[in-house]
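Taking it in order: structure first as structure tokens, then the write-up.
Counting starts at 1 for both ligands and their atoms, in listed order. Quick note: residue numbers are just sequence positions, from 1.
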Amino acid sequence: MKKYKNILNSVDKCDNFLLTTHVSPDGDGIGSLLGLKYILQLYADKIDLVLDDSVPEYLKFLSGTEDIYLYDEFDKTENRIDYDLVFVVDCGDLDRTGNVVNLISEDSKIINIDHHDDNQEYGSYNYVDSTVSSTGELIYDLAVELGANFKRDFGIAIAAAIITDTGNFKFSNTTSKAHRIIADMLELGIDTEKIIREVYENENYSGLKLKGSVLSNLHLAGEENISWASVSQKDLNHFQADWDDTEGLVNSIRSVKGVEVGVLFKEMAEDKIKVSLRSNEYFAVNEFAHQFEGGGHPRAAGCTIMASLAEVEEKVISKLESELGFNN
Ligand code: 5GP
Ligand code: MN
């Protein structure tokens, strides 16, 4: 039984595709998008990749990212059409595509490919599997089923998706299959060490100094079961850094010995705070984030709360303390 037969039937009948992923795109979103593009090129000439936010600096080494449109620029071009088929990857909720949702017409068929267990199944066809490491793994399966010939760039994109979403095979979503796919990529001659270096060991001087400063203001709460820190607009300006430079910071916050939950608060604008949550062993941060209209995975989730930085810090940390059983 072919798992992706509806995709095959749909791509055969359609002439143009729109591909997108979530706001604040990450390695899995971008890698999956590019991998999918390489597969779909066999079926159509018009394939537009459009995102609400730009591709982060640390992913620009992936070839094909230069052809990804930013919604604000794309919307003004004559390129825009009513797409037959829209692929949304690594995105649990259609609203998380941001403004790109405006490019989807009522007649467009949506194909939803994702691994978030809180996925809203908003597609005409939904391929949601929360047991896989990453959406990249699903795109790899799709390529195998369609009999696509793996090209180098496809392999690099999928390897980047898997490597980033498993944090270099460190996170709890790491599977034997994720390792097997990377083994295949190594056999294809793909330089995974280079991908890892590009993503993790390529810090901006100003960004690393920002991280140092944030970590020197690390706090503990909930009888040392919670560690947290914040990045304000002032910090960002002081170090002349940008949000891309905070990538991975929440993992350092979570890595304090004995801590279950690590939290990073990011002051995106006055009264708009992005909260990144990570846990180590048992606390379901996605369920916690749902209470603030956010979501994600059990060990990695996020939400955005509209209040001042100090208010959000206080509210989130005290709620976490109480949910973890430390009522102060
Ligand atoms: P991050 O903290 O790196 O931004 O996100 C961690 C995980 O949570 C990712 O899987 C991301 O897609 C998800 N996530 C982050 N923020 C939100 C949000 O506001 N809503 C939902 N549904 N998921 C989010
Ligand atoms: Mn993912």
Does the N or O separation between D93 and ligand 1 drop below 3.5 Å for any pair? no
Under the ring-ring contact (aromatic ring centres under 6.0 Å, His included) test against Y4, which residue among Y140, Y127, F87 passes? Y127
Atoms in ligand 1 with a heavy atom of H297 nearer than 4.0 Å: 10 (O)
Taking only heavy atoms of G294 into account, list the atoms of ligand 1 that are under 4.0 Å away from them. 18 (C), 19 (O), 20 (N), 21 (C), 22 (N)
Any N/O/S atom of D26 sitting less than 2.8 Å from the Mn ion (ligand 2), backbone or side chain? no
For the Mn ion (ligand 2), does an N/O/S atom of D114 lie at less than 2.8 Å? no
Any donor-acceptor N/O pair, N173 side chain to S133 backbone, under 3.5 Å: yes
Taking the ring centre of each residue, are Y83 and F17 less than 6.0 Å apart? no
Numbering the atoms of ligand 1 from 1, which are under 4.0 Å from a heavy atom of H116? 10 (O), 12 (O)
Does D28 reach the main-chain N or O of T135 with its side chain, forming a donor-acceptor pair under 3.5 Å? yes
Among N, O or S atoms, H115 approaches the Mn ion (ligand 2) most closely through NE2
Give a yes or no on whether the backbone of V199 and the side-chain of E201 come within a donor-acceptor separation of less than 3.5 Å. no
Are A300 and ligand 1 in contact, using a heavy-atom cut-off of under 4.0 Å? yes
Report yes if the distance between the aromatic ring centroids of Y38 and F154 is under 6.0 Å, otherwise no. no
So, of the N/O/S atoms that D90 has, which is the nearest one to the Mn ion (ligand 2)? OD1
Under 3.5 Å between some N or O of ligand 1 and some N or O of D118? no
N/O separation below 3.5 Å, E293 to ligand 1: no
Hey, does L277 come in under 3.5 Å of ligand 1, counting only N/O atoms on both sides? no
Are side-chain N/O atoms of D93 and H22 paired as donor and acceptor at under 3.5 Å? no
So, of the N/O/S atoms that D28 has, which is the nearest one to the Mn ion (ligand 2)? OD2
Salt bridge flag under 4.0 Å for residues D141 and K177: yes
Consider every N or O of R278 and every N or O of ligand 1, then say whether any pair is closer than 3.5 Å. yes
Near the Mn ion (ligand 2), is there an N/O/S atom from H116 that is less than 2.8 Å away? no
D165, N/O/S atom nearest the Mn ion (ligand 2): OD2
Please check if any side-chain donor atom of S105 sits under 3.5 Å from a side-chain acceptor atom of D107, or the reverse. no
Give a yes or no on this: more than 12 heavy atoms of other residues, nucleotides or ligands lie within 6.0 Å of atom CD of Q240. no
Would you say that Y122 contacts D95 through its side chain, given a criterion of any heavy-atom pair below 4.5 Å between the two side chains? no
Tell me whether K274 has any N or O atom under 3.5 angstrom from an N or O of ligand 1. yes
Atoms of ligand 1 close to C303 [distance to a heavy atom under 4.0 angstrom, numbered from 1]: 16 (N), 19 (O)
